[in-house]
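Remarks on the structure that follows.
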2 protein chains.
Amino acid sequence: MKIDPDSPADLSAQIAKSIRDAIVSGDLRVDERLPSETELSEQFDVSRSTVREALKRLGAQSLIRTQRGATGGAFVNKLTYPEAYGQQITTSTLLLSMNAVSFATACEARYALERACAPLSAERRTADHLATMRAEAHRQAQPGLTDEAFCASDVAFHRALVDAADNPVLSYQLAGAVEAIEPLMNMITFSARSRETIVSLHSTIADALEARDAQMVETTLSELASYTNELAQSVFAARQKS
Amino acid sequence: MKIDPDSPADLSAQIAKSIRDAIVSGDLRVDERLPSETELSEQFDVSRSTVREALKRLGAQSLIRTQRGATGGAFVNKLTYPEAYGQQITTSTLLLSMNAVSFATACEARYALERACAPLSAERRTADHLATMRAEAHRQAQPGLTDEAFCASDVAFHRALVDAADNPVLSYQLAGAVEAIEPLMNMITFSARSRETIVSLHSTIADALEARDAQMVETTLSELASYTNELAQSVFAARQKS
DNA sequence: GACTTTTAAATGTCAGACAAATGAAAATTG
DNA sequence: CAATTTTCATTTGTCTGACATTTAAAAGTC
């Protein structure tokens, strides 16, 4: 392991890249232990602090984990789905908030992706998924719920819909889309009447899923998409006036 | 800004979290400058090295960028789509390779997501998108193409299909799915005959898109999904025997 | 006024030290 | 001998202080 000593500064970034490549290419396998910080600093011919900064970078990407003590060190981390979810959600959320993505665009993407799940979810949904969805729909119908709680329940409902497809890759991909939009949804004030409409659509989706009617699920999702969009537009229009 | 001095070690992780929260919540705005490392070390009451490790973590997530010099420092980074793509692809690729996701699962997810784009792409595709897709299909038909080059062209083709939906959020979400599966696809040996079938399906998709026939796009994508899956299964079956 | 030089501030890197955790080996004890 | 305790070496986490490098602004010069 060597690095180009002539290339521009930021040795820790180069070292991080070098190790990252070794992991991605499979040179370093899951749970394999990296050399100790002291050894790495000798191999790369840099100070220990520089190695440490490189390792922190890798740790931030969940590529390695570290453990203290005699048998400790840095280990290649097996990226789990929950970890990947987390990164996906953070990245998506920031992307939306920092790039002024319009509500319409985010909404369109979200429901398009969910429609993609419909056929699979209709085929594979279990009683558990249906129970979760109905419970969330029921919660959403309760008066006195804050807008935040309503949105959180909405996320849980749609999460169950996606998980019903029983494809972890799909769940992972959609976690970002569904959860990242929550902050945008939280900006909407849901009137009692609009909540009623949404809950009704949610119930229809649950019914369609129970009947394994994929087409109906898709249609209802489209309706939900339009309705959410209208709602958002009227809210933003009202806000601009004031 | 203070941190809990009693909580378990890993001060740099706590500091990173503290700053990350400030960014995500909007307390720190895009392009805003963070205090200098020395100032931060005073504020958090830790050494400069610890602050630096925290900053490296944030840098690895593209949350901040640093600049040297008199007016330099750490700035809140505006997460761009290309940066987000990159992270998304790295994460997805690792997730698939480290969790032994079956080809069938990844394939199913990929085509389900692409089908989600079909209606939008059919509506919004431009002549440019069509030209790209036809050019890639033409390249795929040329003999003497390596399997890797064929797969790369396949990715480019599908990328154009997704981009035709003209929704950056959707493009971002799907970049991971489509590109992360490429290493798995590269494991397949494409015979002349199987290439012919795939190219034919690609042409059909381009035709359907030109005719703005979303239903046809979806149907053909489903065929492509089944065919790819069959192909993979026969390849893996043959490999197991030997 | 335009150009050059100096300077101050910031990150990047290094070296050396000590603290704290941790598992394994060694010593002790019943 | 077996079980427990102690010691110990290793490794990461943190701190301190120093110097190098980069950069833009300030000061000086023609």
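By convention in this document, chain letters (A, B, ...) are assigned in the order of the sequence lines, proteins followed by strands, and residues within each chain are numbered from 1.
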Gap between atoms CD and P, on A:E42 and D:dT10 respectively (whole Å): 13 Å
B:T66 vs C:dG12: side-chain N/O to OP1/OP2 distance below 4.0 Å: yes
B:I19 and its side-chain contact (heavy atoms from CB on, under 4.5 Å) partner, picked from B:L58, B:V51, B:V76: B:L58
Backbone N/O of A:V46 and side chain of A:T50: donor-acceptor pair under 3.5 Å: no
Stretch residues 47-60 of chain B: residues that reach within less than 4.0 Å of DNA chain D through a heavy atom: B:S47, B:R48, B:S49, B:T50
Separation of atom CD in A:Q14 from atom C1' in C:dT13, rounded to whole Å: 13 Å
Lys/Arg N to Asp/Glu carboxylate O, A:R68 vs B:D10, below 4.0 Å: no
Between C1' of C:dC14 and CG of A:D45, the distance in whole Å: 11 Å
Side-chain donor or acceptor of B:T132 paired with backbone N/O of B:D128 under 3.5 Å: yes
Salt-bridge present (A:K56, A:E53; N to O < 4.0 Å): no
Touch class at under 4.0 angstrom, heavy-atom based, for B:R33 against every strand present: sugar-phosphate
Write down the protein N/O and nucleotide N/O pairs, taken from nucleotides 23-27 of chain D, whose separation is under 3.5 Å; answer none if there are no such pairs.
{"residue": "D:dT23", "atom": "O2", "partner": "B:A70", "partner atom": "N", "Å": "2.9"}

Sidechain N-carboxylate O distance under 4.0 Å for B:E32, B:R65: no
Spacing between B:L40 atom CG and D:dT14 atom P, to the nearest angstrom: 16 Å
A:H138/A:H202 aromatic ring centres below 6.0 Å: no
Trace of the side chain to side chain donor-acceptor pair (under 3.5 Å) decision for A:S12 with A:R57: CA-CA 9 Å; A:S12 72; A:R57 294 179 122 108; 2.6 Å; yes
Nearest-angstrom distance from the residue atom CD1 of A:I15 to P of C:dG12: 14 Å
Whole-Å gap separating P (C:dA20) and CD (A:E37): 18 Å
Salt bridge B:R110-B:D154, side-chain N to carboxylate O under 4.0 Å: yes
Interatomic distance where CZ belongs to A:R65 and C1' belongs to D:dT12 [whole Å]: 15 Å
Rounded distance (Å) that lies between atom P of C:dT22 and atom CG of B:D10: 12 Å
